[in-house]
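What follows is a single structure, written as structure tokens, with notes after it.
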Amino acid sequence: MKRIRLLGVAIDPITMEEAVRRALEIMDGRSGAVVVTPNSEYLMRAQKLPDLRDIANAAFLSLPDGVGVLAAARLLGQRIPMRVSGIDFAESLLAAMARSGKSVYLLGAKPAVAARAAEIATERFPGLIIAGTHDGYFSCTDEPQLLREINASSPDLLIVCLGSPRQELWMRSHAPELDVGMMAGLGGTLNVLSGSVRRAPLCWQRLGLEWLYRLLTQPWRFRRVLGASCILLTALQIKIGGYFKPWAKEN
């Protein structure tokens with residue numbers, strides 16, 4: 001399936017089923033392939049941080065995470081069949097991995113959150129192997145030991161939840177050193193898996209209002225939501241021909 005470019009950032013117009021299938025296949029090749037999940041905030045940040053654009057464009061999978069991404073694409077005449085959020089992708093992928101006894105290493109979030117997410121994951125997905133866990137509070141001096149621990153466990157999947165853009169930059173920086181089947185930057189996934197953060201009810205998700213639920217339950221996210229909403233204004237600017245970046249109109 002041909003990629004599209006949205007504000008210069010590559011997006012795979014893909015279904016969840018296809019994303020999981022392709023992820024399982026690439027894991028077996030032990031290539032350390034990178035998966036990113038751009039949402040509206042990611043796309044807007046990429047306008048000022050070209051590294052984020054480059055990472056998504058070079059990624060094995062760049063999954064559309066957020067209704068804002070789908071809406072902006074639709075405004076620009078691009079078709080994305082569905083939203084593939086980080087947490088939904090993680091849950092679907094871990095379930096599929098459990099059926100074949102694959103392993104995952106969980107990296108990120110606050111102390112004890114990754115360990116709790118691992119406990120819950122083993123209960124929810126019998127057969128899944130937890131290769132290891134580590135919180136996201138580590139320094140540059142800690143990284144050599146962390147990399148050794150990850151490589152010693154040699155996981156099929158490394159889930160990296162350090163927040164964007166840190167997680168994307170970290171994956172790109174350390175990809176040559178890591179012995180993993182695949183790695184995926186999945187933001188707040190460990191918080192949700194561990195139960196530390198409650199996800200919006202399913203009806204809110206189906207209506208595309210998960211962002212509103214987060215805003216109501218986490219009002220301190222207001223600036224982030226406001227900033228991310230700029231994607232539609234930017235898409236409209238592109239549509240009427242007033243956008244100044246030449247790569248913004250690429251298909």
Side-chain angles (χ1 to χ4, degrees), residues 1-5 9-38 42 51-65 80-82 84-108 114 117-118 121-122 125-134 143-144 146-162 164-187 189-190 193:
M1 188 174 296
K2 184 179 179 181
R3 282 185 158 180
I4 67 171
R5 287 186 183 267
V9 177
I11 300 290
D12 289 302
I14 197 170
T15 65
M16 180 68 73
E17 182 180 28
E18 177 67 9
V20 170
R21 184 188 67 78
R22 292 182 61 184
L24 291 172
E25 290 176 352
I26 201 69
M27 277 182 208
D28 291 337
R30 306 293 302 178
S31 65
V34 171
V35 176
V36 295
T37 56
Y42 185 111
D51 281 349
L52 274 182
R53 183 180 73 241
D54 296 341
I55 291 168
N57 293 352
F60 169 66
L61 286 175
S62 181
L63 305 176
D65 184 351
I80 298 176
M82 66 182 296
V84 183
S85 72
I87 178 60
D88 289 331
F89 175 67
E91 291 179 335
S92 296
L93 183 56
L94 292 178
M97 290 173 61
R99 291 192 286 270
S100 56
K102 286 185 167 18
S103 62
V104 60
Y105 191 107
L106 306 179
L107 171 63
T122 54
F125 311 114
L128 180 69
I129 298 172
I130 303 298
T133 67
H134 197 289
E143 284 188 340
L146 172 60
L147 295 174
R148 284 193 291 270
E149 290 177 5
I150 294 172
N151 287 339
S153 66
S154 188
D156 294 300
L157 172 65
L158 171 62
I159 290 181
V160 184
C161 295
L162 303 176
S164 186
R166 185 188 174 200
Q167 62 193 19
E168 290 83 17
L169 296 172
W170 190 90
M171 289 191 296
R172 182 177 70 173
S173 175
H174 296 293
E177 308 166 70
L178 287 167
D179 177 20
V180 299
M182 188 187 86
M183 65 184 96
L186 299 178
T189 291
L190 294 184
L193 282 178

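Count residues from 1 along the sequence. Just so it is clear, the structure is predicted and the values come from calculations on it, not from any experiment.
With Asn151 contributing its side chain and Asp179 its backbone, the two residues share a donor-acceptor pair below 3.5 Å. With hydrogens and angles ignored, the 3.5 Å screen pairs a side-chain donor or acceptor of Ser62 with a backbone N or O of Ala10. In this structure, the side chain of Ser173 does not engage the main chain of Leu169 through any donor-acceptor pair within 3.5 Å. Remark: side-chain polar atoms of Arg5 are not paired, donor with acceptor, to backbone N or O of Asn57 under 3.5 angstrom.
Atoms CD1 and CG, on Ile150 and Leu107 in that order, are 5.5 Å from each other to the nearest 0.5 Å. Distance CG/Leu94 to NZ/Lys102: 12.5 Å, rounded to 0.5 Å. Here the straight-line distance linking atom OG of Ser164 with atom CG of Leu186 works out to 11.5 Å at 0.5 Å rounding. Atom CD1 of Ile159 and atom CG of Leu106 lie 5.5 Å apart (nearest 0.5 Å). Interatomic distance, Gln167 CD to Met183 CE, rounded to the nearest 0.5 Å: 12.0 Å. Note that CG of Asp12 is 9.0 Å distant from CD1 of Ile4, once rounded to the nearest 0.5 Å.
Taking the side chain as every heavy atom from C-beta outward, Leu147 and Leu178 approach each other to under 4.5 Å. Side-chain atoms of Thr37 and Ser85, non-hydrogen and from C-beta on, never get closer than 4.5 Å to each other. A 4.5 Å side-chain heavy-atom check between Val84 and Leu61 finds every atom pair outside the cut-off. When side chains are defined from C-beta on, Phe89 counts as touching Leu63, because their heavy atoms get closer than 4.5 Å. Contact annotation: the side chain of Asp65 never approaches that of Val36 to less than 4.5 Å [non-hydrogen atoms, C-beta and beyond]. Two residues are said to be in side-chain contact when any heavy atoms from C-beta on lie closer than 4.5 Å; Leu24 and Asp28 fail this criterion. Residues Ile26 and Arg22 are not in side-chain contact: their nearest non-hydrogen atoms beyond the backbone lie 4.5 Å or more apart. With a 4.5 Å cut-off on side-chain heavy atoms, Arg172 and Val34 do not count as touching.
Heavy atoms from other residues, nucleotides or ligands lying under 6.0 Å from CD of Glu177 number more than 12.
Checking each of Asp156, Leu157, Leu93 against Val104 for a side chain to side chain contact (heavy atoms under 4.5 Å, CB included) leaves exactly one that passes, namely Leu157.
Pairing each heavy atom of Ile11 with each of Pro64, the nearest pair is CG2-CB, 3.9 Å. Heavy-atom minimum distance, Ala117 versus Leu190: CB-O, 3.9 Å. Closest heavy-atom contact between Ala98 and Phe125: CB-O, 3.6 Å. In terms of heavy atoms, Ser154 sits closest to Arg30 at OG-NH2, 2.6 Å. Closest approach of Tyr105 to Ala131, counting heavy atoms only: CD1-C, 4.1 Å. What you find for Met82 and Ile14 is that their closest heavy atoms are CG-O, 3.7 Å.
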Exercise. So Leu193 and Glu91, side chain to side chain contact (heavy atoms under 4.5 Å, CB included) or not? Walk me through it.
Worked result: CA-CA 8 Å; Leu193 282 178; Glu91 291 179 335; 4.0 Å; yes

Problem set entry | Trace of the salt bridge (charged side-chain N to carboxylate O under 4.0 Å, His left out) decision for Arg21 with Glu18 | CA-CA 5 Å; Arg21 184 188 67 78; Glu18 177 67 9; 2.5 Å; yes

